[in-house]
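Residue numbering restarts at 1 for every chain, and letters A, B, ... go by the order of the sequence lines. Quantities reported herein were computed from a predicted structural model and do not represent experimental measurements.
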Amino acid sequence: MPALDELEKAYFALGKDRDFKREIDLLLKTYIGRPTPLYFAKRLTDYLGGARIYLKREDLAHTGAHKINNALGQALLAKKMGKKRLIAETGAGQHGVATATGAALCGLECEIYMGSDDIVRQSLNVFRMRLLGANVVEVAIGSRTLKDAINEAMRDWTTNVRSTHYVLGTVFGPHPFPLMVRDFQSVIGKEAKKQILDAEGRLPDYLIACIGGGSNAMGLFHHFIDDEEVKMIGVEAGGKGIVPGEHAARFAGGSLGVLQGTKSFLLQDDDGNILGTHSVSAGLDYAAVGPEHALLRDSGRARYTFATDDEALSAFELLSKTEGIIPALESSHALAEAVKLVPVLPKDNVVIVNLSGRGDKDVQQVARIKGIEL
Amino acid sequence: MSRIGKKFRYIAKGGGKAFIPYIMAGDPDLGRTVELVRILEDCGADIIELGVPFSDPLADGPTIQKAAQRALSGGVTLHKVIDLVADLRKSSEIPLLLMTYYNPIFKYGEERFVHDASEAGVDGIIVPDLPPDEAGNILSFSRKSDFDIIFLVAPTSTEDRIRRVSKSSRGFIYYVSITGITGSKLSMDSSISSHVSKIRSMSGKPVAVGFGITTPEEASEVARFADGVIVGSAIVKRASDPDASLKEYLLSLRKAIA
């Protein structure tokens, strides 16, 4: 608790600090390469034959995913707080890479916790983190995925709280993390709003984003929440289908609970133990969802659905072939929903899909799934 | 007053200190837990902490994590631990605490949990992931019975936080000896004793110290300034040892905590 109080105080103080904001804005532009483009996917639009599809190109951000927006913000915050060391959990490895990058940029030590299962399926990102100077710690307990990596990172933070900042990678965990991560990610929707007004002269009809913890979705949704004509859809990992242990669709198969300092929807058994999850995408393979998504769902402001492994894999291949963009398997879940929804929408409708990351990291795994030896 | 409060009062009268061992309920099975409770009582335990296995024990180190996994794979749940306490109460009046995480209680239903647990003879709970700030409901249910909610204070806790914990904690206050998780290496320095004195004088409640206490020497050192000494991982590690050597270890701790 004392660490959270300290963090909240520092974050609210720096939020009002003009120099800090200027420093972040400059790095967003010159280091991350923002604003990321909003790209009209003409061939995909023609192929699906319905609404006009725009892709918010977070895959073009430095390090290849939206994760850098938050990691860099928190790294700068940690430096200002006088911390010497950053730790983080990672599932797909994108947040680990982003945190390792932020640590290198700020001259901080860095340690990344990653489940053993994820280390196997995301070996490329493990090597990237090591190249960036981070130490990758294998977490071989529990379900050996993202949830267990968060547990270990929290244990480390408890132990080394005086010197260390925990860069939580999603809109989850105890306050102020869900709020702070959302704020750092909200640049996505802020840019997208301006870009779609420039391109179409109006707001979109739909926003679609994938949801693990939910940071890319919150980042896209935040600046549109008051624009009630804009419908928002979050896409969870349906895995092999909605059977306990075979998916990570918290809204489809979960219930209210408290995990890792947050009250939200969880995949759990009748005794309150957290269930194992499965998704082809390591970044969505998580038993809980950010609390603000639970709020948006309960208020009806956003709709939540899921895409299965197979649907995500076909969307992965479809975007690669129609647009020459290899999407992350996480983002492929959002695309899979677009594939279902867009054909039944009128042609004058506008849909923005958050292309939260690029798929280079997934190429080996997809080859493995298809039985192709590289 | 709860069994825990009475026990601390009784011990203080005699000038002693409380020995509070922790074991994981259901590790490796509930039958062994019944045996262990008897052994602990025979070896002079004052209060026993029963761990409730949880899938994601954030405050625990590897020893207790593994014990929880063993208990979970044997199908042990919060319901079964409450039933176990009801069984134990047929033959024992030793104060019993459950150490559990919040989600199993939340899922059980807070009001129902406090009711069922105190009915079974549980005297209180320690919930490491539930700070007093978020404990309003369970505190109000627990006031209806002699059910103690014990909160934790960490070495990094500010005076404000100590005040808040002091106000809410009942039975005793749990001082976490280190910044870290259960079973970590204890580093004895003078700050532990000064923290404990400060918490005691701010709260007027007994302060027990835990996390990382392994040897009789450490237990004896902590007992010099604390009202109680909690030993967890070190006992969990020995829970399947032959009873004779386990008893020898427990008796050495008991002797050290005076």
* Measuring from B:F106:CZ to A:L266:CG, what's the distance to the nearest 0.5 Å? ->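 If we round to the nearest 0.5 Å, B:F106:CZ and A:L266:CG are 8.5 Å apart.
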* Asked: Rounded to the nearest 0.5 Å, how far apart are CE of A:M154 and CD1 of B:I181?
  ->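 Result: 13.5 Å between the selected atoms.
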With a 4.5 Å limit on heavy-atom distance, are the side chains of [X] and [Y] in contact?
X: B:Y101; Y: A:L259; answer: no
X: A:D5; Y: B:R161; answer: yes
X: A:Q268; Y: B:S55; answer: no

Identify which part of [X] has an atom lying under 4.5 Å from any heavy atom of chain A, answering side chain, backbone, both or neither.
X: B:L58; result: both
X: B:L72; result: side chain
X: B:D160; result: neither

* To do: Let me know which of A:D271, A:N273, A:V258 forms a side chain to side chain contact (heavy atoms under 4.5 Å, CB included) with B:N103.
  =>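 That would be A:V258.
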* Asked: Using a cut-off of under 4.5 Å for heavy-atom pairs, which of B:A68, B:P57, B:P155, B:P53 has the most such pairs with chain A?
  ->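 Result: the option with the highest number of such pairs is B:P57.
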Mind listing the closest non-hydrogen atom pair of [X] and [Y] along with its distance?
X: B:Q69; Y: A:I141; value: NE2-CG1, 3.6 Å
X: A:P2; Y: B:S157; value: CG-CA, 3.7 Å
X: A:T159; Y: B:T179; value: O-OG1, 2.8 Å

* Asked: Can you say whether A:S255 sits under 4.5 Å from chain B via the side chain, the backbone, both, or neither, judging by heavy atoms?
  ->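 For A:S255, the contact with chain B is made by the side chain alone.
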* Before accepting this row, confirm whether a basic side-chain N of the pair A:K147/B:D56 lies closer than 4.0 Å to the acidic partner's carboxylate O. =>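 Yes.
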* To do: Give a yes or no on whether the backbone of B:G180 and the side-chain of A:R155 come within a donor-acceptor separation of less than 3.5 Å.
  =>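 The answer is no, because no donor-acceptor pair under 3.5 Å joins these two groups.
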